**Q** 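The structure is given below, and queries will be raised subsequently.
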Number of protein chains: 2
Amino acid sequence: MELYHLRTFVTVAEEGHLTRASERLFTSQPAVSAHIKALEEELGVPLFDRTPRGMQLTAAGKQLLTGARQTLAAASAFQQQARGLQDELIGTVRIGLNTDARFLRLIALQSAVAEAHPQVSLELMAGYTGANLPALRAGKLDASFISGEMDDPAIRSWILCEEELAVAAPTAWRERLAAPDVPMLAEQPWVFTTEDCSHYGVMRALFESHCCSPRKAVLAHQEDALAAMVEGGIGLGIMRLDVVEAGEREGRLHRVPMPLPSVSLRIACLAQREGDPLIQAVLGSLGQVWGVDIVERSAASA
Amino acid sequence: MELYHLRTFVTVAEEGHLTRASERLFTSQPAVSAHIKALEEELGVPLFDRTPRGMQLTAAGKQLLTGARQTLAAASAFQQQARGLQDELIGTVRIGLNTDARFLRLIALQSAVAEAHPQVSLELMAGYTGANLPALRAGKLDASFISGEMDDPAIRSWILCEEELAVAAPTAWRERLAAPDVPMLAEQPWVFTTEDCSHYGVMRALFESHCCSPRKAVLAHQEDALAAMVEGGIGLGIMRLDVVEAGEREGRLHRVPMPLPSVSLRIACLAQREGDPLIQAVLGSLGQVWGVDIVERSAASA
DNA sequence: GAGGCGCCATCAGGATTTCCGATGGCCCGC
DNA sequence: GCGGGCCATCGGAAATCCTGATGGCGCCTC
């Protein structure tokens, strides 16, 4: 039995599905199947029941899951402690993005990290808030930008800034939306985001406070797609104020005069990895880039 | 990084020597060297200083040793918990011996284990008390017969019986040793055992109580060798009473009339493995074979 | 009832990793 | 200066792991 068996066990347990687990583990479905088979044979215990709908933990599998996680956690803590002992920090930090690189000041971040820790590299992975959180939890990301509230105790986050939001409309709708009220906006078609996006929550809150619901014309997973839909006249959408203003200046969008609350842009990581020197390195550089006091863990964990 | 890297790390740390570590790990010296190299590269931390006399832990290596042991302990506990969940116990138990198979009732033990746990096999490894304890600590043995006192808290042991001991002499020395006192015995040549053998302690205690020391004619590592030396007229030796009496009946030995304290024959295992179902299986069978109440761990650990 | 889809297990072949025997380099002791 | 002990490296072999393809089974829909 090796650690990769345990990683596979835990991932399959969480996904309940070999193919999805293989994607998370960056390997193939037959490889994952073989890992589980080998582990079950070595332990002499069936860990999963195979069903047409996927893999279901057996009672024994459920009981063993905690021990598997503890073993992986101990190994992770060992590696983390080793990083704290490196003469010079070495490693790669995978960061999930949720909006455009310029807004996230990624060039400045890259420079700050490269200067402070020459042997640390960043791996920037496109995504959105709703995808980044599960990826964080799954260990696929080391840190991630997210927007909105965060109340999961397993996730630690720090506010970088407040994102001002605005309602964007196609320029052709300028006159009929000169002074709209909320019910009127609800009558318009909307470009939705996924429900796990903070912008969706803001939109929902807007209409719920006036007891009405917006009409969904289309759903866009990415901000670029949403912007394209709005510019193309498909419907209204919620976007960052600076993006809407830039679009308005360039004649591509119209900013609807409707005040919206802001959402917090945050950087997040797993609480248990907060003390990891690699995470600390990135948090330190982010604090520097955004002029924010990101409270660092004491060196006691080192 | 996988568990075998950590096992190698810990073993090399304990041995301070790649070749000895490779023997304990049942692999080759180049393989062990490669494990350490790979681990150091992955962690970005030198774990050992290479010296002409062997491998010496660096400061970082010393700090990381605990974490490595914890990870291995967690993995071991996981496997142990899995064994407790097996429908039928499966596995191999490596038992260190320290005297002859007949005295240790190994045939009865084998039968008892086979009956109670058909899929558990025993692997009986010749040895002696002094070799068995380090082998236990090193994970090379799962359980071990040992003789004498045991005060290491990391080792758990149960008394099976008291070994009566006697002083054996060559038959030709019968008359001159008809009624010897201790100083007289000290004047004779002796066949020593290794210092980590319980018989050695008994011999030492005998003479120290009379402020004298025995003369060492030869040192024998194994009981067979010691018996051969005594029978061959090389010197006196301490042996089990039943063996001396059998030798006397067969005209091969003379029992010197000198009372000795007995030593306890014990079965031992690592304290942390006491709850292991495989260990429990063997302890249960030993209790049955020796008619001894070996207090078993509650099922709470299962 | 049949066909298609989803899911896991297996297979054969290729790729990668690991191991091993041989050997070299360095240091130390005689 | 030489021999021995110890670790690192090398080349080749062995073992392990992965992958694409495919099959079997169950379920769902038509």
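If you're wondering where the values come from, they're calculated on a predicted model, not measured in any experiment. All values below come from the heavy atoms of this structure, side chains included, with hydrogens, waters and symmetry mates left out. Chain letters run A, B, ... following the sequence lines, proteins first, then strands; residues in each count from 1.
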**Q** Looking only at the side chains, is there a donor atom on one of B:Asn98 and B:Thr129 sitting less than 3.5 Å from an acceptor on the other?
**A**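 Note: B:Asn98 and B:Thr129 side chains meet the donor-acceptor criterion.
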
**Q** Relative to the 5' end of DNA chain C, which residue comes earlier, B:Gln29 or B:His35, by the nucleotide with the nearest heavy atom?
**A**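 Counting from the 5' end, the first nearest nucleotide belongs to B:His35.
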
**Q** What is the per-nucleotide protein-contact pattern of nucleotides 25-30 of chain D, from the 5' end, where B denotes a base atom under 4.0 Å from a protein heavy atom, S denotes such proximity for sugar-phosphate atoms only, and - denotes neither?
**A** -SS---

**Q** Just to be sure I understand the rule, does A:Phe26 reach a base, reach only the sugar-phosphate, or reach nothing, if contact means heavy atoms closer than 4.0 Å?
**A**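 If one applies the 4.0 Å heavy-atom cut-off, A:Phe26 turns out to touch nothing in the nucleic acid.
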
**Q** Rounded to the nearest Å, what distance is computed from the NE2 atom of residue A:His5 to the C1' atom of nucleotide D:dC18?
**A**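 Those two atoms, NE2 and C1', are 13 Å apart.
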
**Q** Which residue is it: A:Leu122, A:Leu124, A:Ile95? I am looking for the one with a side-chain contact (heavy atoms from CB on, under 4.5 Å) to A:Leu106.
**A**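 Of all the options given, the one that passes is A:Leu124.
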
**Q** Is the shortest side-chain heavy-atom distance between B:Trp190 and B:Val218 below 4.5 Å?
**A**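 Of all side-chain heavy-atom pairs linking B:Val218 with B:Trp190, none is under 4.5 Å.
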
**Q** Please give, in whole Å, the distance from D:dC7 C1' to B:Glu15 CD?
**A**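 Taking atom C1' of D:dC7 as the reference, CD of B:Glu15 is at 15 Å.
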
**Q** What range of DNA chain C does chain A touch, first nucleotide to last, counting atoms under 4.0 Å from its heavy atoms?
**A**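 Going 5' to 3' along DNA chain C, contacts run C:dC7 to C:dT10.
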
**Q** Could you say whether B:Ala31 or A:Lys37 is positioned toward the 5' end of DNA chain C, judged by the nucleotide with the nearest heavy atom to each?
**A**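 Result: A:Lys37.
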
**Q** Grab the CD1-P distance between B:Ile36 and D:dC6 for me, whole Å please.
**A**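 One finds 17 Å between P of D:dC6 and CD1 of B:Ile36, rounded.
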
**Q** Please report the distance, rounded to the nearest Å, between CZ in B:Arg20 and C1' in D:dG5.
**A**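 Atom CZ in B:Arg20 sits about 11 Å away from atom C1' in D:dG5.
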
**Q** How far apart are the C-alpha atoms of A:Arg94 and A:Glu123, what are their side-chain angles, what is the distance that settles it, and do they pass the salt bridge (Lys or Arg N to Asp or Glu O under 4.0 Å) test?
**A** CA-CA 5 Å; A:Arg94 300 159 299 170; A:Glu123 197 170 318; 5.9 Å; no

**Q** How far does CD of A:Glu2 sit from CE of B:Met1, to the nearest 0.5 angstrom?
**A**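 One gets 10.5 Å once the value is rounded to the nearest 0.5 Å.
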
**Q** Which whole-number value in Å describes the distance from A:Leu18 CG to D:dG20 P?
**A**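 Rounded to the whole Å, the gap is 16 Å.
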
**Q** CZ of A:Arg50 versus P of D:dG24: gap in Å, rounded?
**A**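 In whole Å, D:dG24 P and A:Arg50 CZ are 19 Å from each other.
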
**Q** Considering non-hydrogen atoms only, spot the tightest contact between B:Leu65 and B:Ala13 and give its length.
**A**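 So the two residues come closest at CD1-CB, 3.7 Å.
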
**Q** Do the non-hydrogen side-chain atoms of B:Glu23 and B:Gln29 ever get within less than 4.5 Å of each other?
**A**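 The answer is no; the side chains never approach within 4.5 Å.
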
**Q** Establish, with yes or no, whether the OP1 or OP2 oxygen of D:dA8 is under 4.0 angstrom from a side-chain nitrogen or oxygen of B:Ser33.
**A**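 For D:dA8, OP1/OP2 do have a side-chain N/O of B:Ser33 under 4.0 Å.
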
**Q** Quickly work out the B:Met55 CE to D:dG5 P distance and round it to whole Å.
**A**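 For the pair B:Met55 CE and D:dG5 P, the rounded distance is 19 Å.
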
**Q** Taking 4.0 angstrom as the limit, do A:Glu42 and B:Arg83 come out as a salt bridge?
**A**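 So A:Glu42 does not pair with B:Arg83 through a salt bridge.
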
**Q** Base, sugar-phosphate, or nothing for A:Ser28, non-hydrogen atoms under 4.0 angstrom?
**A**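 A:Ser28: base contact, heavy atoms under 4.0 Å.
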
**Q** After noting the C-alpha distance and the side-chain angles of A:Arg7 and A:Glu14, does the key distance pass the salt bridge (Lys or Arg N to Asp or Glu O under 4.0 Å) rule?
**A** CA-CA 11 Å; A:Arg7 287 188 201 103; A:Glu14 289 171 356; over 6 Å; no

